[in-house]
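Right, one structure below, let's go through it.
Sequence positions, counted from 1, serve as the residue numbers for this chain.
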Amino acid sequence: MNNARYLRELDFARFHFYALTGLYERIRERRGGAVQGASSVRYRRTIPIFHPYKIQTKLVWWDDKAIYLEQQFVTLTDGFVRAVALSKQCITNCDVQELLKTYPEAAKRPEMPADLKLWLDAIELSSQKLRKDK
């Protein structure tokens, strides 16, 4: 797989996650939307041709405006995590905290993972460099 294919597969897996959890439907009920705000992929090892794999998608954290997903490419033959992606899904026109209260599993927000915090700090530093009002 080339790098563009990884991103395409992540999109499909994210849509599948939204459908399985009913999350997108609940966002739309509130007249909201979802758009990817940022993503980062770490490629650990190639996925050889014709090797079956799965993508595991997990909601790892959220704030008032976004959810943060971790997605892993795992080869089925050996269970090895071939690539890991973090993504920020910006949720428009609805309060994410309120939205997630409709899920019993999300009654308590988990602690922010250390790697997510560092990634968000890097995104903020990058944004500051681009702002005209520095």
Side-chain angles (χ1 to χ4, degrees):
M1 287 204 321
N2 65 26
N3 291 359
R5 175 101 188 265
Y6 279 92
L7 295 175
R8 179 176 173 260
E9 296 297 316
L10 288 172
D11 280 343
F12 288 136
R14 190 169 55 254
F15 300 149
H16 187 245
F17 176 80
Y18 284 148
L20 280 178
T21 61
L23 184 59
Y24 192 70
E25 186 176 323
R26 292 182 192 192
I27 292 168
R28 295 301 299 154
E29 286 170 357
R30 290 162 174 76
R31 294 185 172 25
V35 64
Q36 182 157 283
S39 68
S40 175
V41 182
R42 186 166 76 98
Y43 304 97
R44 299 183 67 221
R45 197 176 293 167
T46 61
I47 298 175
I49 191 166
F50 303 124
H51 277 64
Y53 64 89
K54 64 182 175 180
I55 299 174
Q56 298 174 324
T57 302
K58 179 171 59 170
L59 174 65
V60 293
W61 199 71
W62 60 88
D63 57 28
D64 293 340
K65 296 181 180 180
I67 61 171
Y68 301 89
L69 301 176
E70 178 185 271
Q71 295 177 284
Q72 297 181 347
F73 285 83
V74 181
T75 41
L76 299 180
T77 54
D78 57 8
F80 189 82
V81 177
R82 301 291 174 143
V84 179
L86 284 175
S87 67
K88 176 181 182 178
Q89 305 300 308
C90 299
I91 310 301
T92 59
N93 300 324
C94 71
D95 183 307
V96 175
Q97 302 273 12
E98 291 300 316
L99 174 69
L100 289 177
K101 285 180 183 176
T102 65
Y103 290 90
E105 307 90 335
K108 183 175 186 250
R109 183 172 65 175
E111 191 170 317
M112 183 188 285
D115 58 341
L116 178 63
K117 174 154 183 16
L118 291 169
W119 181 60
L120 292 176
D121 288 347
I123 290 170
E124 180 57 30
L125 282 173
S126 175
S127 292
Q128 286 176 9
K129 286 182 0 183
L130 298 172
R131 290 190 184 114
K132 292 180 181 180
D133 60 346
K134 293 190 230 179

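Side-chain atoms of D63 and V96, non-hydrogen and from C-beta on, never get closer than 4.5 Å to each other. In this structure the side chain of Y53 never reaches within 4.5 angstrom of the side chain of P48, judged on heavy atoms. Side-chain contact between T92 and I27: absent, with no pair of heavy atoms (C-beta onward) separated by less than 4.5 Å. Taking 4.5 Å as the limit, every side-chain heavy atom of L20 sits out of range of all side-chain heavy atoms of T57.
Evaluation of the salt bridge (Lys or Arg N to Asp or Glu O under 4.0 Å) test over residues 29-52, restricted to residues two or more places apart or in two chains, returns none. Annotation: salt bridge (Lys or Arg N to Asp or Glu O under 4.0 Å) contacts involving residues 81-109, sequence neighbours excluded, comprise D78-R82, E98-K101.
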For L118 and D115, what are the C-alpha separation, side-chain angles and deciding distance, and is it a side-chain contact (heavy atoms from CB on, under 4.5 Å)?
-> CA-CA 5 Å; L118 291 169; D115 58 341; 5.7 Å; no
I would like to know whether I91 and W62 meet side-chain contact (heavy atoms from CB on, under 4.5 Å); could you show each step before the answer?
-> CA-CA 10 Å; I91 310 301; W62 60 88; over 6 Å; no
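Follow the hydrophobic side-chain contacts under 4.5 Å out from Y18 and you reach L59 in the same cluster. The hydrophobic clustering, which links ILVMFWY residues whose side-chain heavy atoms are closer than 4.5 Å, places V41 and I123 apart. Hydrophobic cluster membership differs between V60 and Y103, with clusters built from Ile, Leu, Val, Met, Phe, Trp and Tyr side chains linked at under 4.5 angstrom. Y24 is connected to F17 through a chain of hydrophobic side-chain contacts under 4.5 Å among Ile, Leu, Val, Met, Phe, Trp and Tyr, so both are in one cluster. In the hydrophobic clustering of this structure, I55 does not group with L69; members are Ile, Leu, Val, Met, Phe, Trp, Tyr whose side-chain heavy atoms approach within less than 4.5 Å, directly or through other members.
The two residues W61 and P113 make their nearest non-hydrogen contact at CB-CD, 4.2 Å. The two residues G32 and R28 have their closest heavy-atom pair at O-NH1, 2.6 Å. The minimum heavy-atom distance linking T102 with L99 is given by the pair OG1-O, 2.6 Å. In terms of heavy-atom proximity, G37 sits nearest to C90 at CA-SG, 3.9 Å.
Listed by chain and residue number, R14 satisfy the salt bridge (Lys or Arg N to Asp or Glu O under 4.0 Å) test with D11 (two or more places apart in sequence, or in another chain). Remark: K117 pairs with D121 by the salt bridge (Lys or Arg N to Asp or Glu O under 4.0 Å) rule, at least two apart or across chains. The salt bridge (Lys or Arg N to Asp or Glu O under 4.0 Å) test applied to E111 returns no partner, not counting sequence neighbours. Here E124 pairs with R131 under the salt bridge (Lys or Arg N to Asp or Glu O under 4.0 Å) rule; sequence neighbours left out.
In this model, no donor atom of one side chain and acceptor atom of the other lie less than 3.5 Å apart for Q56 and Q71.
Of the candidates N2, N3, L7, N2 is the only one forming a side chain to side chain contact (heavy atoms under 4.5 Å, CB included) with R5.
Going from atom OG of S40 over to atom CD of E70 covers 11.5 Å, rounded to the nearest 0.5 Å.
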